[in-house]
Protein chains: 2
Amino acid sequence: MVQVLNRGSSRVQRRSEARRTEILRAASRVFRRRGLAAAGMREIAEEADVSPGILYYYFSGKDEILLFCQERTLEHMLAAIEAARAVPASSAERLRGVLQAHVHAMLDELEGATAHLEVEALPEALRAPVMEKRDRYERAVRALVADGIKRGEFAKADAALVTRAMLGAVNWSARWFRPDGPQTSAAVAQSLSDYLVKGLLK
Amino acid sequence: MVQVLNRGSSRVQRRSEARRTEILRAASRVFRRRGLAAAGMREIAEEADVSPGILYYYFSGKDEILLFCQERTLEHMLAAIEAARAVPASSAERLRGVLQAHVHAMLDELEGATAHLEVEALPEALRAPVMEKRDRYERAVRALVADGIKRGEFAKADAALVTRAMLGAVNWSARWFRPDGPQTSAAVAQSLSDYLVKGLLK
DNA sequence: CTACAATTTGAACCATGGTTCAAGTTTTGA
DNA sequence: TCAAAACTTGAACCATGGTTCAAATTGTAG
């Protein structure tokens, strides 16, 4: 029988929950390594050091694993937006903060996931909640940009287009970044956000 | 038997060549519409208005179709780089020109293809030539950026990183652009390249 | 016109990979 | 300690989709 999501705190529930996230993390790694389509259930199972069958004990199938990976990352990014809003700072500083968090969400081992870049991989039925979050995130970033323009801190620009350019640049980092390369993810986050915000300043 | 690429000009050869590109174009459309992995041979065949079997008369298989799509787009982009180099102009103007051509290569119906964004989809054996072109293109853009910095036209920056940011922003456009949306691909190319180059100026 | 080559078809083949399941093993509660 | 529940396994099932192929059609050369 497939388990129901459960945040209770009895011993078994905690252990069960841990196993679930363990699987999700393994899946994230495989997704990033092989790409969404090429990631097989057997490989995910091996990465998580369990048998293939068990994936269907904790999840209803590959789609659901994908769904959870995407939502986890998006919620992480939405939290970063909230954090930025809470801090009293210039639009430029806020925007840089959000973009840096986004880069970390893309590149860092712990929470990093690139799955949310391919919403189309989800069957129609599951897409809605992910797209809702994705759109909410994009709107929030756009609001940050528009706000900076309104305040006169940024030059006049097409906020929607610039936002998409920024997100594209940031998302793309997952394609070329190598953890064993010359620079850390923090350095990338720094330089990238500096450059992207600079294009907005007057 | 599988046909050999042939640019001769006898009547049959011309017709054969036309059929090949016709198939490639159909494949490009399906790739863009469904994504690489989800594009099936049967669907490509239907889009090209032929039977599935014939794809194997003109190509050795899906991999080769993919390979040709990628190379076609990359060659198109490399040509744009050459054109930019030939023109006497500021680094900023050259860079804008290249980025605009890139956007058009992404979005326009005629030659537009997004296949080259997923080199990993190719089997190891076929990857090399595509990656060589892709890297050559990236190096050329980077050289343009570095040149602008050296001339003092651009502010000091990590040329490699900025280049990747630009390419990411531009590649990403294929994800959100809708031909029937509010703006044309030319308008997008314009705004996008303006913003991206602005971040480099002093 | 006729034979040969080039082209085209669509059904069948088969590997891949997501999924199911009956049968074990481990953990829990009393 | 023991039975029930929770968990885990690995092999088998089966749909999908890339590929093959024998046969049919079309085009070409003599």
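In what follows, chains are A, B, ... by sequence order, proteins preceding strands, each numbered from 1. Just the heavy atoms: all of them, side chains too, but no hydrogens, waters or symmetry mates, feed the values below.
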The side chain of B:Met41 lies closest to which of these nucleotides: D:dG18, D:dG10, D:dC7?
D:dG18
Rounded to whole Å, CG of B:Asp49 lies from C1' of C:dT8 at a distance of 13 Å
Salt bridge (Lys or Arg N to Asp or Glu O under 4.0 Å) contacts touching residues 74-95 of chain B (sequence neighbours left out):
B:Glu75-B:Lys133, B:Glu82-B:Arg85
Check whether any side-chain N or O of B:Asp147 sits under 3.5 Å from a backbone N or O of B:Ala143 as a donor-acceptor pair, and report yes or no.
no
B:Ile65 CD1 to D:dG17 C1': how many Å, rounded?
14 Å
Report which part of the nucleic acid A:Ala37 touches: base, sugar-phosphate, or nothing (heavy-atom distance under 4.0 Å, all strands).
nothing
Got a sec, which residues hit salt bridge (charged side-chain N to carboxylate O under 4.0 Å, His left out) with A:Asp63, two or more places apart in sequence or on another chain?
none
With a cut-off of less than 4.0 Å, is there a side-chain N or O of B:Tyr57 near OP1 or OP2 of C:dT7?
yes
Can you list every pair that meets ring pair (Phe, Tyr, Trp, His ring centres under 6.0 Å) and has a residue in residues 120-141 of chain A, with sequence neighbours left out?
A:His102-A:Tyr137
Nearest-angstrom distance from the residue atom NZ of A:Lys62 to C1' of C:dT16:
12 Å
Please report the distance, rounded to the nearest Å, between OH in A:Tyr58 and C1' in D:dT8.
8 Å
Tell me whether B:Glu153 contacts the main-chain N or O of B:Ser91 through its side chain, where contact means a donor paired with an acceptor under 3.5 Å.
yes
At under 4.0 Å between heavy atoms, what does B:Ala38 touch on the DNA or RNA strands: base, sugar-phosphate, or nothing?
nothing
Picking from C:dT19, D:dT9, C:dT8, the nucleotide nearest the side-chain atoms of A:Val50 would be D:dT9
Using atom CZ of A:Arg19 as one end and atom P of C:dT26 as the other, report the distance to the nearest whole Å.
14 Å
Could you give the CZ-to-P distance, from B:Phe59 to C:dT8, as a whole number of Å?
12 Å
In whole Å, what is the span from the CD atom of A:Glu64 to the C1' atom of C:dT19?
14 Å
CD1 of A:Ile23 versus P of D:dC7: gap in Å, rounded?
11 Å
Strictly under 3.5 Å: I want the nitrogen or oxygen pairs between protein and nucleotides 20-26 of chain D, one per line.
none

Indicate, with a heavy-atom threshold strictly under 4.0 Å, whether A:Arg42 touches base, sugar-phosphate, or nothing.
base
Counterpart residues, ring pair (Phe, Tyr, Trp, His ring centres under 6.0 Å), relative to A:Tyr195 (two or more places apart)
none
Without placing hydrogens or testing angles, list every side-chain donor-acceptor pair under 3.5 Å for residues 155-163 of chain B, not counting sequence neighbours.
unit_1, atom_1, unit_2, atom_2, d
B:Asp158, OD1, B:Ala160, N, 3.2
B:Asp158, OD1, B:Leu161, N, 3.1
B:Thr163, OG1, B:Ala159, O, 2.7

